[in-house]
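Below: one structure, written as structure tokens.
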Amino acid sequence: MTRLADLSIDALTALLAGRGLSLDFGDARARIRSEVAALAPAIQRAYGEFAHDADAAFHDVAVRLRRRGGAERLGGARVELESDADIPFAPFPAGIHLPLLEWGLNYLLAQRLNHRLLVHAGVVELDGRAIVMPALPGTGKSTLTAALVTRGARLLSDEFGIVDLEDARLHPLVRPVSLKNASIDVMSAFASDATFVPRFPGTRKGTVAYLAPDARSYRERRVPAVPGLVLFPRYEPGAQIRVETLSKARAFAKLAVNSFNYEILGPDGFDAVGRLLQASEVYRLSYGSLADAIDAIGELVSRLERHA
Amino acid sequence: MQRFRLRGSGALKLFTFDDEVAAFNPVTWETHLLDASAADVLEALARAPATPESLAPLLSRSRAAEGADAAQLTRALLDQLEAAGLIEAEPVDATR
């Protein structure tokens, strides 16, 4: 199948305006339609390694981006996201189309994947083991996720730790990594050869940019990863690297609170968190430099028992 | 003598991590973090209803019980587990 990066903008625009672009993220599929012309080049850059799945018969999520209002309206043209007649957010300024799409997909996917435990976390795979980094304030989990991916880790997700209810393996949901504000410059300097989607200033989260998933992460989007580390990172400017063991019971509480559907799943969610922690080492990692953090994580992974 | 039992008919779910335990309440679907003594008491009650006196020896492995009044500590622990909705006192049978 043709990579989106190799499609013409006209062809991609026609696809978005017509029957829709079908994207396979691994554990879920989405159909995207859009009448916002500027979305096509942004999608092409953010999802360049992906292919349009013309044969997909089923989509977990279907969204449409529509133009609202016009230049005469106060604040200028707007764009809104609609899914199954639901409009989850107030319209955004027209230039913030890709962030609207990404946040809309996050919102919708978080509600529709209840056959697995969904933890709000960044997840990568390194040397065959999953590293789950829950999204607690101040963690810099997206920056660290992006940094690990640009140093050879496989991206599973920047947003969702998708835990199998049977064996606690982590399932990929490969999508662009969202970077905000200062972390955009940090990552651009850290990995100048990676593909970044140009910045979207003035969003509700400030300036946003995206790191596009690499070819291997997309290719292995159906390959789950065996649990390895549950890592609670904390970015502290200027801090020396520090690794501390964290009680698994405390980690249990943090994961449960940080889950989208723990309460919905009840006993199944409890078992999934418990199995994930039984199969993982749990650490708190304080770091002031991405390079140091990556070295420390590599060292922690190398100490894990090889999984049979 | 008053006996205590687990609440609900659902199976008790526990994950033990070193000296701490995560427990799932099958009635309320709440998760509780407990120390090892509390988990021992729950596991004992999962086997059969029991009196505070018969449960008291389980607290001996807890540091808190060293030199303290075991009966008082047991009662306090049972009160906490009852307040958390994990256990309940058996109804008193007036015919006995």
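Just so it is clear, the values below take in all heavy atoms, side chains as well, and ignore hydrogens, waters and symmetry mates. Quick note on labels: first sequence line is chain A, next is B, and so on, each numbered from 1.
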Per-residue contact mode, A/Phe252 against chain B (heavy atom under 4.5 angstrom): side chain
Pairwise salt bridge (Lys or Arg N to Asp or Glu O under 4.0 Å) hits with a residue in residues 149-163 of chain A, at least two apart: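 As it turns out, the salt bridge (Lys or Arg N to Asp or Glu O under 4.0 Å) pairs with a partner in residues 149-163 of chain A, which skip direct neighbours, are A/Glu125-A/Arg154, A/Lys141-A/Asp158, A/Lys141-A/Glu159, A/Arg154-A/Glu220.
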Euclidean distance, B/Thr16 OG1 relative to A/Lys248 NZ, rounded to 0.5 Å: 12.0 Å
Distance, nearest 0.5 Å, that separates CH2 of B/Trp29 from CG of A/Leu265: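 With rounding to 0.5 Å, CH2 (B/Trp29) is 8.0 Å from CG (A/Leu265).
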Side chain to side chain contact (heavy atoms under 4.5 Å, CB included) between B/Phe17 and A/Val282, worked out: CA-CA 11 Å; B/Phe17 303 112; A/Val282 181; over 6 Å; no
side-chain hydrogen bond (donor to acceptor under 3.5 Å, both in side chains) contacts touching residues 266-290 of chain A (sequence neighbours left out): A/Arg242-A/Ser286, A/Asp271-B/Lys13
Minimal non-hydrogen separation, A/Ala253 against B/Leu33, with atom names: CB-CD1, 3.8 Å
Interface residues of residues 102-114 of chain A facing chain B - non-hydrogen atoms under 4.5 Å apart: none
Under the ring-ring contact (aromatic ring centres under 6.0 Å, His included) test, residues paired with B/His32 that sit two or more places apart: none
What do you reckon, is [atom1] of [X] surrounded by more than 12 foreign heavy atoms closer than 6.0 Å?
X: A/Glu263; atom1: CD; answer: no
X: B/Glu53; atom1: CD; answer: yes
X: A/Glu244; atom1: CD; answer: yes

Side chain / backbone / both / neither for B/Phe15 at chain A, heavy atoms under 4.5 Å: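 Both backbone and side chain of B/Phe15 come within 4.5 Å of chain A.
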Which portion of B/Leu34 sits near chain A, non-hydrogen atoms under 4.5 angstrom: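 No part of it gets close to chain A.
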